[in-house]
2 protein chains.
Amino acid sequence: MPEITKTRGYAIGEMSKRTGVNIETIRYYERIGLLPKPDRTAGGNRQYNHEQLKQLSFIKRARGLGFSIREIRGLLAMAINTEFTCAEVHEITTGHLASVQEKIASLQRLEAVLQDMAAQCSKGDVPDCPIVDTLFELA
Amino acid sequence: MPEITKTRGYAIGEMSKRTGVNIETIRYYERIGLLPKPDRTAGGNRQYNHEQLKQLSFIKRARGLGFSIREIRGLLAMAINTEFTCAEVHEITTGHLASVQEKIASLQRLEAVLQDMAAQCSKGDVPDCPIVDTLFELA
DNA sequence: TATGCGATCTGTAGCCGCTACAGATGCAAG
DNA sequence: CTTGCATCTGTAGCGGCTACAGATCGCATA
């Protein structure tokens, strides 16, 4: 009879390897209540189950997509309670999308200014630089 | 005989109004050595001169362009000592430009994913959401 | 069974770039 | 002289981690 409670759970290092989330960060997520407190071994080491592994992967992906901890809290609450509506999730997502788009637009304006400044520069070895002038003189 | 030491200097609030930099932030810049320690009145209030006003404006603009404090330190050191070469300034600027461009590219990839997710969503009032599914299931 | 050593533990402090207090003063107008 | 806003110092907090120190755990080998 194989496959009887083969998986005694994952140690924190295992969780880290599987999700790519730093060990310190995993403990940090626990501290701020983003990840539930796992079981402990007799000696006190954390033992995670598959559910918690899935949740950490969720967090990792959401963070990778730039969702804030606060937003992830909201998404997780919905995903776990299953007392949410798809529309609510859609709202969080499009809200986040809008802020990403704003950030892109503002960075593109920035890019244009920096390119301008760089283009005006003679790259000479003299202490007279249009970039410094720009920063000092323009309103 | 007018115009004899008319300008006794700027109080911190005046500096704040003229540059748009928060008062707390001005003191913070002083603390970290980004702005020189100004003169004080007999009572201990800060009194800035025109030079310092210009420098704070410089910092403000550079921050607005996304230069880090560290980068600004470098730019300021060059701008003030005038022992810099234009090429050095150019290097800092193009380095910063490159990092801005990277940030734009990565946000655009993000945007695409978020748009995809949002588009797949039915926006229904059921607890079955492709966005949540995506976050949970995809590698 | 002892030992060695990597993994994990807790707790705390630091990073960046501010921001927000509290509680004590300064200063200028009326 | 009083009123009341401006400013002072010092410290703590934000988000989202990261980096220690110093102690303990747990598993493979001798």
Side-chain angles (χ1 to χ4, degrees), chain A residues 6-35 37-48 52-53 56 58-76 96 99-100 103 106 110, chain B residues 6-35 37-48 52-53 56 58-76 96 99-100 103 106 110:
Chain A
K6 235 186 350 194
T7 55
R8 245 166 292 153
Y10 314 104
I12 197 167
E14 187 65 23
M15 290 285 277
S16 175
K17 256 171 229 150
R18 283 179 188 246
T19 60
V21 177
N22 198 317
I23 288 179
E24 320 270 42
T25 306
I26 296 175
R27 287 197 284 251
Y28 166 73
Y29 286 160
E30 179 183 332
R31 213 163 54 239
I32 64 170
L34 196 59
L35 207 53
K37 286 181 192 292
D39 285 349
R40 298 287 185 138
T41 62
N45 284 15
R46 289 171 180 78
Q47 285 279 287
Y48 295 92
Q52 290 160 343
L53 175 60
L56 184 56
F58 181 104
I59 294 167
K60 167 76 171 178
R61 278 191 292 270
R63 285 294 298 137
L65 293 175
F67 286 95
S68 69
I69 299 286
R70 167 183 284 271
E71 286 170 326
I72 293 171
R73 248 185 246 279
L75 289 171
L76 269 178
H96 179 52
S99 91
V100 166
K103 220 172 272 173
S106 112
L110 185 55
Chain B
K6 234 187 350 195
T7 54
R8 245 166 294 152
Y10 314 105
I12 197 168
E14 186 67 21
M15 291 284 278
S16 176
K17 256 171 227 148
R18 283 178 188 247
T19 59
V21 177
N22 198 316
I23 288 178
E24 319 271 42
T25 306
I26 296 174
R27 285 196 284 251
Y28 167 73
Y29 286 161
E30 179 183 332
R31 212 162 56 239
I32 63 169
L34 196 59
L35 207 54
K37 287 181 192 291
D39 285 348
R40 299 289 185 139
T41 63
N45 284 15
R46 288 171 179 79
Q47 286 278 289
Y48 294 93
Q52 290 160 342
L53 175 60
L56 184 55
F58 181 106
I59 294 167
K60 167 77 171 176
R61 279 192 292 271
R63 286 296 297 138
L65 293 176
F67 286 95
S68 70
I69 299 287
R70 167 183 284 271
E71 285 169 326
I72 293 172
R73 246 185 247 278
L75 289 171
L76 268 178
H96 179 51
S99 92
V100 166
K103 220 172 271 173
S106 113
L110 186 55

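Convention: sequence-line order gives letters A, B, ...; per-chain numbering from 1.
- In this structure, B:I59 places its CD1 atom 16 Å from C1' of C:dC16, rounding to the nearest Å.
- OP1 or OP2 of D:dC25 has not a single side-chain nitrogen or oxygen of A:T41 nearer than 4.0 Å.
- A donor-acceptor pair under 3.5 Å is formed between the side chain of B:H96 and the backbone N or O of B:L65.
- Between the CE atom of A:M15 and the C1' atom of C:dA7 there is a distance of 16 Å, rounded to whole Å.
- For B:Y29 and C:dG17, the shortest distance from a side-chain N or O to OP1 or OP2 is not below 4.0 Å.
- Rounding to whole angstrom units, CG of residue B:N45 and P of D:dC8 are separated by 5 Å.
- Minimum atom distance to the side chain of A:T25 is reached by D:dC17, of the listed D:dC8, C:dC18, D:dC17.
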Problem set entry | side chain to side chain contact (heavy atoms under 4.5 Å, CB included) evaluation trace for A:I69 with A:L34 | CA-CA 8 Å; A:I69 299 286; A:L34 196 59; 3.9 Å; yes

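- Salt bridge absent: B:R27 and B:E30 never bring a charged side-chain N and a carboxylate O closer than 4.0 Å.
- Separating the CD atom of B:E24 from the P atom of C:dC21 is a distance of 10 Å, rounded to the nearest angstrom.
- With distances taken from any side-chain atom of B:R40 to the nucleotides D:dC8, D:dC17, D:dT18, the minimum falls on D:dC8.
- Looking at the side chain of A:R46, the nearest of the listed nucleotides C:dT10, D:dC17, C:dT19 is C:dT10.
- Going from atom CD1 of A:I26 over to atom P of D:dC17 covers 12 Å, rounded to whole Å.
- Residue B:Y28 contributes atom OH, which lies 17 Å from atom P of D:dA12 at whole-angstrom precision.
- Residue contacts for A:I23: at a heavy-atom cut-off of 4.0 Å it reaches the sugar-phosphate backbone alone, with no base atom in range.
- Across the protein-nucleic acid pair, A:R70 atom CZ and D:dG16 atom P stand 10 Å apart, rounded to whole Å.
- Remark: A:R40 CZ is packed, more than 12 non-hydrogen atoms of other residues, nucleotides or ligands lying under 6.0 Å away.
- What separates CZ of B:R27 from P of D:dA12 is a distance of 17 Å, to the nearest Å.
- Using a distance-only test at 3.5 Å, with no hydrogens or angles considered, no donor-acceptor pair links the side chain of B:E14 to the main chain of B:A11.
- Of the residues near DNA chain D, A:G44 and B:R31, the one whose nearest nucleotide (by heavy atom distance) lies more toward the 5' end is B:R31.
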